[in-house]
S.K.: 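Let me give you the structure first, and then I'll get to my questions.
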Amino acid sequence: MNLFANVHELVLESLASLQSSRALPADLDFKNVTVEAPRDSSHGDMSTNAAMILAKQAKMRPREIADLLLKKLVSNTQIEHIEIAGPGFLNLTLSKSIWLEAIPQIVKLNKEFGRSSIGKEKRVNVEFVSANPTGPIHVGHTRGAVFGDALANLLDFAGYNVTREYYINDGGAQIDALARSVYLRYLEANGNSVEFIEGTYPGEYLIPVGESLKEGFGDVFVEADEAEWLPKFRAHAVRSMMELIESDLLSLGIKMDVFYSEKSLYGTGRIETALEELSAKGLIYEGYLDPPKGKLPEDWEPRKQTLFRSSEYGDDVDRPIKKSDGQWTYFAPDIAYHYDKISRKFDHLINIFGADHGGYVKRMKAAVRALSNDEITLDIKLTQLVRLYKNGEPFKMSKRAGNFISLRDLVEQVGSDVTRFVMLTRKNDAPLDFDFDKVLEQSRDNPVFYVQYAYARINSVLKKARVANINVCDGSLISADMQGVEHESEVYIIKKVCEWPRLVELAAKHNEPHRVAFYLYELASEFHAFWSKGKDTPSLRFIHEDNVMRSLSKLAVARSVAIVISNGLGILGVQPMDEMR
RNA sequence: GGUCGCAUAGCUCAGCUGGAUAGAGCAUCUGCCUUCUAAGCAGAGGGUCUCAGGUUCGAAUCCUGAUGCGAUCACCA
């Protein structure tokens with residue numbers, strides 16, 4: 001059920017038939033021919049740019065082509081009116097019945113309305129969050145988490161086969177630091193007093209971990225050498241942290257499909273295998289890097305390192321995969337990890353990084369291109385910073401001041417729905433202000449409540465209708481006679497609702513879930529506007545106790561709005577609310 | 001200095017991968033609760049889309065350069 005797609009199809013068919021009758025040249029590219037709703041509704045329901053797109057290719061005047069197309073389309077019974085406008089737009093007005101008939105179909109499709117197959121079941125891996133397993137998720141990760149999850153939902157809705165994945169950085173030195181910190185908590189649990197020196201994690205969230213280790217091991221490691229307890233404590237600490245992180249994510253409604261351990265790459269030869277793959281292509285060498293351009297770090301010195309020739313694949317410089325002491329850099333397991341993703345036969349990879357990781361984009365893309373022989377594309381989305389505000393003042397977090405806000409704190413204070421919606425009302429590549437007071441304000445300033453309220457209002461109407469003994473179950477609405485919709489402002493809403501499938505496809509194509517949020521806001525706005533018209537114009541109210549047929553057709557429209565809001569909120573990961581009091 | 005991103009109303013931001021007279025919210029001003037939820041609606045004012053070139057039927061959108069802001073920049077993850 002996508003009227004825009006139908007008309008687009010119709011336009012393309014007409015163009016093809018003009019080609020076969022030689023009215024148009026044969027070799028034309030229709031790729032950029034679109035059918036969309038014109039901004040100004042006086043220009044009709046839909047508008048196509050076909051004539052202008054093709055004018056140059058066909059070496060004809062736009063209006064000439066528009067005229068040919070018009071003559072082709074004018075016989076179609078679905079189209080009530082058609083005209084050429086401006087530089088060559090073809091403006092179509094569909095017959096009203098087309099719009100009316102859409103409503104029962106939408107109600108019937110319900111949760112499936114808007115679901116698209118443009119993804120063609122292609123396998124997409126979305127890697128996001130991937131926060132270090134050294135503590136709870138904090139606010140800085142939240143945006144990436146919400147964006148990644150919503151993007152995954154969106155792609156799923158658009159017909160992709162999506163895997164949500166979290167890469168656990170459990171291989172590096174920071175895990176030793178974590179294990180040592182846990183050890184301190186373990187000592188503490190055994191009655192010793194401890195001191196957290198620089199380079200350890202003093203967070204209280206490790207206290208229970210220390211206690212559980214005491215339960216498991218008693219005091220056997222209190223006097224022991226580090227070598228004895230470190231491996232055990234590492235593993236236990238990582239497991240505990242991941243449990244913490246998983247439940248943090250769950251509080252935002254996020255569930256990963258795969259948790260992939262960096263550590264699992266070590267000692268199995270998998271890093272070596274991936275690097276051999278690159279080596280075989282002549283992309284690995286021993287060498288020296290040029291000093292960074294511009295101002296030189298004070299302690300810079302030339303070092304011989306094992307390097308990946310990422311500059312051959314668009315990176316600015318080659319990148320080290322081994323440190324000067326022979327250890328892998330973080331980049332080496334990352335290469336192996338992505339090699340593994342490639343071997344798992346994904347068609348497309350998406351990584352969500354914070355803006356502070358922008359510097360790794362080129363090298364990661366280079367690695368994937370090299371490893372997959374340019375066959376698999378890696379897209380990296382950067383989420384910009386979230387600036388926190390409290391009482392209108394910028395709110396600075398610092399570990400030392402102890403006012404570090406965890407995701408859990410945030411969700412407990414403002415709720416999952418608000419957090420998610422607000423974070424999605426911005427393009428991912430623009431910074432976002434998050435004002436604690438504003439998001440909690442239940443006003444029209446707050447888009448979450450605005451959209452939720454529209455949904456709740458619809459529910460309220462349906463409830464009232466039931467009280468008035470009108471059967472408003474979906475089955476009844478599906479068979480409603482839509483002739484009760486008389487007013488153009490009702491048709492206006494229907495048109496907006498019918499844009500939903502097209503919007504899903506566009507948002508998915510651009511990987512921009514925020515478009516869903518904005519669309520829902522617009523839809524809610526139109527619904528509220530329509531609602532209020534019922535005040536002055538009783539005929540526009542939904543319930544007419546003296547006329548069930550009329551009520552049903554209007555209620556079906558309202559129901560279709562609720563369906564779209566529900567489906568849209570589903571993509572954003574926000575719960576619709578039946579009632580707001 | 002290199003790289004990436006951003007620059008649209010007083011403020012916060014959309015702008016449908018180049019379309020018709022650039023749109024919302026907040027703030028300011030004016031109206032609307034005996035009515036299906038006023039957490040709402042209707043209306044007014046507010047613009048050199050940072051600047052300069054370029055591409056073409058047509059540019060806020062694409063390209064080049066400048067300016068400003070943010071992130072990042074061997075050896076950490």
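It should be emphasised that the depicted structure is a prediction, and the values quoted were computed from it without experimental measurement. Quick note on labels: first sequence line is chain A, next is B, and so on, each numbered from 1.
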S.K.: Which nucleotide wins on minimum distance to the side chain of A:R303, given the candidates B:rA74, B:rA38, B:rA71?
M.R.: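 Of the options given, the side chain of A:R303 lies nearest B:rA74.
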S.K.: At less than 3.5 Å, do the side-chain atoms of A:R457 and the base atoms of B:rC36 form a donor-acceptor pair?
M.R.: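 Answer is no: no donor-acceptor pair is held.
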S.K.: From CD of A:E512 over to P of B:rC6, roughly how many Å is that when rounded to an integer?
M.R.: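 Atom-to-atom, A:E512 to B:rC6, this comes out as 11 Å.
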S.K.: Side chain of A:M52, heavy atoms from C-beta onward: which of B:rU12, B:rG19, B:rA71 has the nearest atom to it?
M.R.: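 Shortest atom-to-atom distance from the side chain points to B:rG19.
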S.K.: Round to the nearest Å and state the distance from A:E526 atom CD to B:rG25 atom P.
M.R.: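 These atoms are roughly 12 Å apart.
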S.K.: Nearest to the side chain of A:K323, heavy atoms from C-beta on, is which of B:rA74, B:rC76, B:rC6?
M.R.: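 Nearest nucleotide to the side chain: B:rC76.
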S.K.: Taking A:T306 as the fixed residue, which of A:K322, A:K323, A:E286 is the one that meets the side chain to side chain donor-acceptor pair (under 3.5 Å) rule?
M.R.: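 Looking at A:K322, A:K323, A:E286, the match for A:T306 under the side chain to side chain donor-acceptor pair (under 3.5 Å) is A:E286.
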S.K.: From the options B:rA74, B:rC16, B:rA14, select the nucleotide whose nearest atom is closest to the side chain of A:R515.
M.R.: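 From the listed options, B:rC16 comes nearest.
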S.K.: Report yes if at least one side-chain N or O of A:K533 is closer than 4.0 Å to OP1 or OP2 of B:rA42; otherwise report no.
M.R.: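 Checking A:K533 against B:rA42: no side-chain N or O falls below 4.0 Å of OP1 or OP2.
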S.K.: Could you give the side-chain donor-acceptor pairs of residues 497-504 of chain A under 3.5 Å, partners two or more places apart or in another chain?
M.R.:
| from | atom 1 | to | atom 2 | distance (Å) |
| --- | --- | --- | --- | --- |
| A:W500 | NE1 | A:F113 | O | 3.1 |
| A:R502 | NH1 | A:V35 | O | 3.3 |

S.K.: Answer with base, sugar-phosphate or nothing: what part of the nucleic acid does A:F542 contact at a heavy-atom distance below 4.0 Å?
M.R.: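 Result for A:F542 = base.
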S.K.: Write down the atom of A:A145, the atom of A:F128, and the distance for their closest heavy-atom approach.
M.R.: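 Heavy-atom minimum between the residues: O-CE1, 3.3 Å.
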S.K.: Measure from the side-chain N and O atoms of A:S553 to the backbone N and O of A:R550, and report whether any donor-acceptor pair falls under 3.5 Å.
M.R.: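 The answer is yes, because a donor-acceptor pair under 3.5 Å joins these two groups.
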S.K.: How far, in whole Å, is B:rU55 from B:rC62 if one measures between their C1' atoms?
M.R.: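 The answer is 8 Å between these two C1' atoms.
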S.K.: Measure from the side chain of A:P87, starting at C-beta and using heavy atoms only, and say which of B:rC57, B:rG15, B:rU12 lies closest.
M.R.: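 Of B:rC57, B:rG15, B:rU12, B:rC57 is nearest to the side chain of A:P87.
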S.K.: With sugar-phosphate meaning primed atoms plus P, OP1 and OP2, does A:H528 contact a base, only sugar-phosphate, or nothing at under 4.0 Å between heavy atoms?
M.R.: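 Sugar-phosphate: the residue A:H528, judged by heavy atoms under 4.0 Å, touches backbone atoms but no base.
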S.K.: Which listed nucleotide (B:rU37, B:rA71, B:rC4) is nearest to the side chain of A:K362?
M.R.: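 Nearest to the side-chain atoms of A:K362, counting from C-beta on, is B:rC4.
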S.K.: Are OP1 or OP2 of B:rU37 and a side-chain N or O of A:Y450 less than 4.0 angstrom apart?
M.R.: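 Checking A:Y450 against B:rU37: no side-chain N or O falls below 4.0 Å of OP1 or OP2.
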S.K.: Rounding to a whole Å, what distance do you find between A:M423:CE and B:rC13:P?
M.R.: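 Nearest whole value for this atom pair: 14 Å.
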S.K.: Does A:K464 put a side-chain nitrogen or oxygen below 4.0 Å from OP1 or OP2 of B:rU37?
M.R.: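 For B:rU37, OP1 or OP2 has a side-chain N or O of A:K464 closer than 4.0 Å.
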S.K.: Residues two or more places apart in sequence or in another chain: which of them pass side chain to side chain donor-acceptor pair (under 3.5 Å) with A:R309?
M.R.: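 So A:R309 forms no side chain to side chain donor-acceptor pair (under 3.5 Å) with any residue.
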S.K.: Heavy atoms from C-beta onward define the side chain here; which of B:rA14, B:rG19, B:rU56 lies closest to that of A:N49?
M.R.: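 The listed nucleotide nearest to A:N49's side chain is B:rG19.
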S.K.: Go through B:rA14, B:rU37, B:rC16 for me and flag the one nearest to the A:R502 side chain.
M.R.: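 The closest nucleotide is B:rC16.
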S.K.: When the C1' atoms of B:rG43 and B:rC49 are considered, how many whole Å apart are they?
M.R.: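 Straight-line distance between the two C1' atoms is 26 Å.
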S.K.: Which nucleotide, B:rC75, B:rA24, B:rU3, lies nearest any side-chain atom of A:Y521?
M.R.: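 Per side-chain heavy atoms of A:Y521, the pick is B:rA24.
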S.K.: Which nucleotide, B:rC36, B:rC4, B:rA14, lies nearest any side-chain atom of A:H514?
M.R.: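 Taking heavy atoms from C-beta onward, the closest nucleotide is B:rA14.
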